[in-house]
Amino acid sequence: MSLLQVSELGKSFGGVRAVDAIGFEIAAGELLALIGPNGAGKSTTFNMVGGQLQADTGSIRLDGHELRGLKPREIWRRGVGRTFQIAETFSSLTVVENVQMALLSADHKLYSMWRAAARHKRDEALDLLDQVGMKAQADRPAGVLAYGDVKRVELAVAIANQPKLLLMDEPTAGMTPEERNKLMALTKKLVIERRMAVLFTEHSMDVVFAYADRMIVLARGRLIAQGKPAEIRADPQVQQVYFGSGATFEKPVAEAVQ
(Lines give C-alpha, C1' and ligand atoms only; values in the text may rest on other atoms or scores of the structure.)
Protein backbone atom coordinates (compact mmCIF):
# COMPACT_ATOMS: atom_id res chain seq x y z
CA MET A 1 0.00 0.00 0.00
CA SER A 2 1.26 3.49 -0.88
CA LEU A 3 2.30 5.87 1.88
CA LEU A 4 2.02 9.01 -0.27
CA GLN A 5 -0.61 9.39 -2.98
CA VAL A 6 -0.54 12.42 -5.26
CA SER A 7 -3.29 12.86 -7.84
CA GLU A 8 -4.27 15.51 -10.42
CA LEU A 9 -1.78 17.96 -8.88
CA GLY A 10 -1.67 21.29 -10.68
CA LYS A 11 -0.20 24.77 -10.31
CA SER A 12 -0.27 27.85 -12.53
CA PHE A 13 1.64 31.11 -12.37
CA GLY A 14 -0.27 33.71 -14.33
CA GLY A 15 -1.00 32.07 -17.66
CA VAL A 16 1.76 29.50 -17.32
CA ARG A 17 0.79 25.97 -16.30
CA ALA A 18 3.87 24.98 -14.27
CA VAL A 19 2.48 21.60 -13.18
CA ASP A 20 -0.35 19.99 -15.14
CA ALA A 21 -2.46 17.33 -13.38
CA ILE A 22 0.33 14.95 -12.39
CA GLY A 23 -0.01 11.92 -10.14
CA PHE A 24 2.34 9.45 -8.46
CA GLU A 25 2.68 7.26 -5.37
CA ILE A 26 5.46 6.32 -2.96
CA ALA A 27 5.56 3.27 -0.71
CA ALA A 28 7.22 3.02 2.70
CA GLY A 29 10.84 1.95 2.33
CA GLU A 30 11.14 3.41 -1.17
CA LEU A 31 13.35 6.08 -2.74
CA LEU A 32 11.56 7.89 -5.55
CA ALA A 33 13.55 10.30 -7.73
CA LEU A 34 11.83 13.28 -9.33
CA ILE A 35 13.79 14.35 -12.39
CA GLY A 36 13.41 16.46 -15.50
CA PRO A 37 15.16 19.23 -17.44
CA ASN A 38 15.16 22.85 -16.30
CA GLY A 39 11.64 24.27 -16.26
CA ALA A 40 10.02 20.85 -16.02
CA GLY A 41 8.10 21.66 -12.83
CA LYS A 42 10.23 19.66 -10.40
CA SER A 43 10.69 22.40 -7.81
CA THR A 44 7.05 23.42 -8.02
CA THR A 45 5.92 19.83 -7.45
CA PHE A 46 8.39 19.33 -4.63
CA ASN A 47 7.33 22.53 -2.88
CA MET A 48 3.64 21.70 -3.20
CA VAL A 49 4.19 18.39 -1.42
CA GLY A 50 6.14 20.17 1.33
CA GLY A 51 3.61 23.00 1.66
CA GLN A 52 5.93 25.82 0.58
CA LEU A 53 3.56 26.32 -2.38
CA GLN A 54 -0.19 25.73 -2.36
CA ALA A 55 -1.55 23.60 -5.19
CA ASP A 56 -4.36 24.95 -7.35
CA THR A 57 -5.83 21.50 -7.97
CA GLY A 58 -5.44 17.93 -6.90
CA SER A 59 -4.76 15.93 -3.78
CA ILE A 60 -1.69 15.08 -1.66
CA ARG A 61 -2.48 12.30 0.82
CA LEU A 62 -0.06 10.91 3.39
CA ASP A 63 -1.27 7.74 5.11
CA GLY A 64 -4.77 8.62 3.95
CA HIS A 65 -4.70 12.18 5.37
CA GLU A 66 -4.94 15.19 3.07
CA LEU A 67 -1.94 17.53 3.14
CA ARG A 68 -3.05 20.01 0.51
CA GLY A 69 -3.88 23.33 2.12
CA LEU A 70 -1.74 22.73 5.21
CA LYS A 71 1.19 24.97 6.14
CA PRO A 72 4.75 23.55 6.10
CA ARG A 73 4.81 23.36 9.90
CA GLU A 74 1.58 21.39 9.96
CA ILE A 75 2.86 19.05 7.26
CA TRP A 76 6.03 18.52 9.30
CA ARG A 77 3.88 17.61 12.29
CA ARG A 78 2.08 15.01 10.16
CA GLY A 79 5.37 13.21 9.53
CA VAL A 80 7.12 14.88 6.58
CA GLY A 81 10.79 15.83 7.02
CA ARG A 82 12.91 17.86 4.64
CA THR A 83 16.50 18.62 3.71
CA PHE A 84 17.50 21.51 1.48
CA GLN A 85 19.79 22.07 -1.50
CA ILE A 86 21.91 24.35 0.68
CA ALA A 87 22.35 22.62 4.03
CA GLU A 88 20.72 24.48 6.91
CA THR A 89 22.31 24.12 10.35
CA PHE A 90 23.10 26.49 13.22
CA SER A 91 26.81 27.10 12.70
CA SER A 92 27.27 28.67 16.15
CA LEU A 93 25.96 25.55 17.93
CA THR A 94 27.71 22.24 18.29
CA VAL A 95 26.75 19.29 16.14
CA VAL A 96 24.83 17.59 18.94
CA GLU A 97 23.06 20.82 19.92
CA ASN A 98 21.75 21.13 16.37
CA VAL A 99 20.09 17.74 16.72
CA GLN A 100 18.87 18.57 20.24
CA MET A 101 17.18 21.68 18.84
CA ALA A 102 15.31 19.46 16.38
CA LEU A 103 14.27 17.14 19.22
CA LEU A 104 12.99 20.12 21.21
CA SER A 105 10.80 21.09 18.29
CA ALA A 106 9.63 17.51 17.79
CA ASP A 107 8.59 17.43 21.45
CA HIS A 108 6.61 20.71 21.07
CA LYS A 109 8.89 22.45 23.56
CA LEU A 110 10.06 26.05 23.51
CA TYR A 111 13.44 27.36 24.56
CA SER A 112 14.72 30.80 25.56
CA MET A 113 18.45 30.07 25.55
CA TRP A 114 20.71 27.62 23.78
CA ARG A 115 21.32 25.90 27.13
CA ALA A 116 17.81 24.50 26.92
CA ALA A 117 18.87 22.57 23.84
CA ALA A 118 22.11 21.46 25.50
CA ARG A 119 20.11 19.72 28.25
CA HIS A 120 17.46 18.11 26.08
CA LYS A 121 17.73 14.41 25.16
CA ARG A 122 21.45 14.40 24.58
CA ASP A 123 21.60 10.60 24.50
CA GLU A 124 18.89 10.44 21.84
CA ALA A 125 20.67 13.12 19.83
CA LEU A 126 23.92 11.18 20.04
CA ASP A 127 22.13 8.07 18.84
CA LEU A 128 20.84 9.95 15.80
CA LEU A 129 24.34 11.23 15.09
CA ASP A 130 25.65 7.68 15.41
CA GLN A 131 23.17 6.59 12.73
CA VAL A 132 24.64 9.12 10.28
CA GLY A 133 28.26 8.56 11.26
CA MET A 134 28.75 11.86 13.09
CA LYS A 135 28.81 10.88 16.77
CA ALA A 136 32.58 11.34 17.02
CA GLN A 137 32.16 14.99 16.04
CA ALA A 138 29.18 15.66 18.33
CA ASP A 139 30.84 18.43 20.36
CA ARG A 140 32.47 20.27 17.48
CA PRO A 141 30.94 23.56 16.31
CA ALA A 142 28.83 22.90 13.23
CA GLY A 143 30.45 25.90 11.56
CA VAL A 144 33.84 24.17 11.23
CA LEU A 145 32.60 20.97 9.56
CA ALA A 146 33.39 19.91 6.02
CA TYR A 147 30.40 20.34 3.72
CA GLY A 148 29.78 16.61 3.39
CA ASP A 149 29.64 16.32 7.18
CA VAL A 150 27.21 19.25 7.40
CA LYS A 151 24.87 17.35 5.07
CA ARG A 152 25.05 14.35 7.42
CA VAL A 153 24.14 16.53 10.38
CA GLU A 154 21.24 17.97 8.39
CA LEU A 155 20.06 14.42 7.74
CA ALA A 156 20.16 13.64 11.47
CA VAL A 157 18.14 16.81 12.13
CA ALA A 158 15.62 15.83 9.44
CA ILE A 159 14.95 12.41 10.94
CA ALA A 160 14.73 13.64 14.55
CA ASN A 161 10.95 13.96 14.13
CA GLN A 162 10.79 10.32 12.95
CA PRO A 163 9.24 11.28 9.59
CA LYS A 164 7.25 8.82 7.51
CA LEU A 165 8.26 10.75 4.39
CA LEU A 166 11.52 12.62 3.81
CA LEU A 167 11.79 15.25 1.08
CA MET A 168 15.37 15.79 -0.11
CA ASP A 169 15.98 18.76 -2.40
CA GLU A 170 19.19 18.22 -4.41
CA PRO A 171 20.77 16.30 -1.50
CA THR A 172 24.20 15.94 -3.15
CA ALA A 173 24.54 19.46 -4.57
CA GLY A 174 28.05 20.82 -4.08
CA MET A 175 29.49 17.47 -3.01
CA THR A 176 32.35 15.46 -4.48
CA PRO A 177 31.53 12.12 -6.16
CA GLU A 178 32.78 10.25 -3.09
CA GLU A 179 30.68 12.40 -0.74
CA ARG A 180 27.61 11.95 -2.97
CA ASN A 181 27.86 8.18 -2.87
CA LYS A 182 28.42 8.09 0.88
CA LEU A 183 25.41 10.30 1.61
CA MET A 184 23.06 8.42 -0.69
CA ALA A 185 24.22 5.02 0.56
CA LEU A 186 23.52 6.26 4.10
CA THR A 187 20.10 7.52 3.05
CA LYS A 188 19.28 4.19 1.44
CA LYS A 189 20.29 2.41 4.64
CA LEU A 190 18.05 4.64 6.78
CA VAL A 191 15.12 4.18 4.40
CA ILE A 192 15.35 0.42 4.74
CA GLU A 193 15.86 0.43 8.52
CA ARG A 194 13.13 2.97 9.27
CA ARG A 195 10.65 1.97 6.54
CA MET A 196 10.70 5.62 5.56
CA ALA A 197 9.79 6.90 2.11
CA VAL A 198 12.02 9.43 0.33
CA LEU A 199 11.13 11.77 -2.53
CA PHE A 200 14.22 13.49 -3.89
CA THR A 201 15.20 15.79 -6.72
CA GLU A 202 18.67 15.45 -8.16
CA HIS A 203 20.67 16.67 -11.15
CA SER A 204 23.44 14.06 -10.83
CA MET A 205 22.06 11.21 -12.89
CA ASP A 206 24.74 8.82 -11.68
CA VAL A 207 23.27 9.22 -8.17
CA VAL A 208 19.70 8.84 -9.42
CA PHE A 209 20.32 5.63 -11.35
CA ALA A 210 22.48 4.13 -8.59
CA TYR A 211 20.12 4.71 -5.66
CA ALA A 212 16.52 5.36 -6.76
CA ASP A 213 14.09 2.46 -6.55
CA ARG A 214 11.80 4.21 -9.03
CA MET A 215 11.82 7.46 -10.96
CA ILE A 216 9.25 9.93 -12.26
CA VAL A 217 10.13 12.27 -15.11
CA LEU A 218 8.56 15.65 -15.75
CA ALA A 219 8.77 17.80 -18.87
CA ARG A 220 6.97 21.14 -19.30
CA GLY A 221 4.86 20.47 -16.24
CA ARG A 222 3.63 17.05 -17.33
CA LEU A 223 4.52 13.56 -16.18
CA ILE A 224 6.04 11.83 -19.21
CA ALA A 225 7.41 8.63 -17.66
CA GLN A 226 7.63 6.68 -14.44
CA GLY A 227 9.17 3.34 -13.57
CA LYS A 228 12.31 1.59 -12.42
CA PRO A 229 15.70 3.00 -13.46
CA ALA A 230 16.18 0.44 -16.25
CA GLU A 231 12.79 1.34 -17.71
CA ILE A 232 13.53 5.06 -17.57
CA ARG A 233 16.98 4.56 -19.07
CA ALA A 234 15.44 2.86 -22.10
CA ASP A 235 12.49 5.21 -22.55
CA PRO A 236 12.80 7.00 -25.92
CA GLN A 237 10.75 10.00 -24.80
CA VAL A 238 12.96 10.55 -21.76
CA GLN A 239 16.08 10.31 -23.91
CA GLN A 240 14.59 12.83 -26.33
CA VAL A 241 13.75 15.27 -23.53
CA TYR A 242 17.24 15.14 -22.05
CA PHE A 243 19.39 14.91 -25.13
CA GLY A 244 17.23 15.98 -28.08
CA SER A 245 18.30 12.86 -29.97
CA GLY A 246 18.30 9.11 -29.70
CA ALA A 247 21.22 9.18 -27.27
CA THR A 248 21.04 6.84 -24.30
CA PHE A 249 21.88 7.17 -20.63
CA GLU A 250 24.90 4.95 -21.17
CA LYS A 251 27.04 8.05 -21.66
CA PRO A 252 28.29 9.88 -18.50
CA VAL A 253 24.85 11.18 -17.62
CA ALA A 254 26.00 13.56 -14.89
CA GLU A 255 27.97 15.42 -17.56
CA ALA A 256 25.19 15.24 -20.13
CA VAL A 257 22.65 17.11 -18.03
CA GLN A 258 24.87 19.82 -16.59
Side-chain contact, heavy-atom cut-off 4.5 Å: Glu30 with Val191?
no
Are the side chain of Glu179 and the backbone N or O of Thr176 linked by a donor-acceptor pair below 3.5 Å?
yes
Closest approach of Leu199 to Leu165 (non-hydrogen atoms, all atoms of both residues)
N-CD1, 4.2 Å
If we ignore hydrogens and angles and just use 3.5 Å, is the side chain of Gln54 paired with the main-chain N or O of Gly69 as donor and acceptor?
yes
If you look at every heavy atom in Gly10 and Arg17, which pair is closest and at what distance?
CA-NH2, 3.8 Å
Taking the six-membered ring of Phe13 (Phe, Tyr or Trp), confirm whether the NZ or CZ of Lys11 is under 6.0 Å from its centre and within 45° of its axis.
yes
Please determine whether residues Ile35 and Ile26 belong to a single hydrophobic cluster, defined as Ile, Leu, Val, Met, Phe, Trp and Tyr linked transitively by side-chain heavy-atom distances below 4.5 Å.
no
In this structure, would Leu166 and Val49 fall into the same cluster of hydrophobic residues linked by side-chain contacts under 4.5 Å?
no
Flag for Ser59-Glu66: side-chain donor and acceptor within less than 3.5 Å
yes
Please name the pair of heavy atoms, one in Leu9 and one in Ala55, separated by the smallest distance, quoted to 0.1 Å.
CD1-CB, 3.6 Å
Answer yes when Lys182 and Glu178 have at least one side-chain N-carboxylate O distance shorter than 4.0 Å, and no when they do not.
yes
Output, in order, the C-alpha distance, side-chain angles, deciding distance and verdict of side chain to side chain contact (heavy atoms under 4.5 Å, CB included) for Leu31 and Met184.
CA-CA 10 Å; Leu31 273 81; Met184 292 309 296; 4.1 Å; yes
With side chains defined as the heavy atoms from C-beta onward, is the minimum distance between Leu183 and Pro171 less than 4.5 Å?
yes
One pair to check against side chain to side chain donor-acceptor pair (under 3.5 Å): Gln137 and Arg152. What are the steps and the verdict?
CA-CA 11 Å; Gln137 301 192 59; Arg152 287 173 175 263; over 6 Å; no
As a quick check of understanding, evaluate side chain to side chain contact (heavy atoms under 4.5 Å, CB included) for Arg180 and Ser204, giving each step before the final call.
CA-CA 9 Å; Arg180 289 203 301 262; Ser204 298; 3.8 Å; yes
Would Leu190 end up clustered with Val208 when hydrophobic side chains under 4.5 Å apart are linked, directly or stepwise?
yes
Joint cluster assignment, Trp76 & Val80, ILVMFWY side-chain distance < 4.5 Å:
no
Short N-O contact, Arg122 and Asp139, less than 4.0 angstrom:
yes
Using the rule given for side chain to side chain contact (heavy atoms under 4.5 Å, CB included), can you reason through Gln237 versus Gln240, listing the C-alpha separation, both sets of side-chain angles and the distance that settles it, and then say yes or no?
CA-CA 5 Å; Gln237 189 175 8; Gln240 184 71 21; 5.5 Å; no
Should Lys228 and Asp213 be marked as a salt bridge (Lys or Arg N to Asp or Glu O under 4.0 Å) after you check the CA-CA gap, both sets of side-chain angles, and the distance that decides it?
CA-CA 6 Å; Lys228 295 183 178 181; Asp213 296 305; over 6 Å; no
Go through the steps for Met215 and Gln226 under the test side chain to side chain contact (heavy atoms under 4.5 Å, CB included), then give the verdict.
CA-CA 6 Å; Met215 303 161 63; Gln226 59 181 312; over 6 Å; no
Scan side-chain atoms only and decide if Thr172 and Glu202 contain a donor-acceptor pair under the 3.5 Å cut-off.
yes
Any side-chain donor paired with an acceptor under 3.5 Å for Gln131 and Asp127?
yes
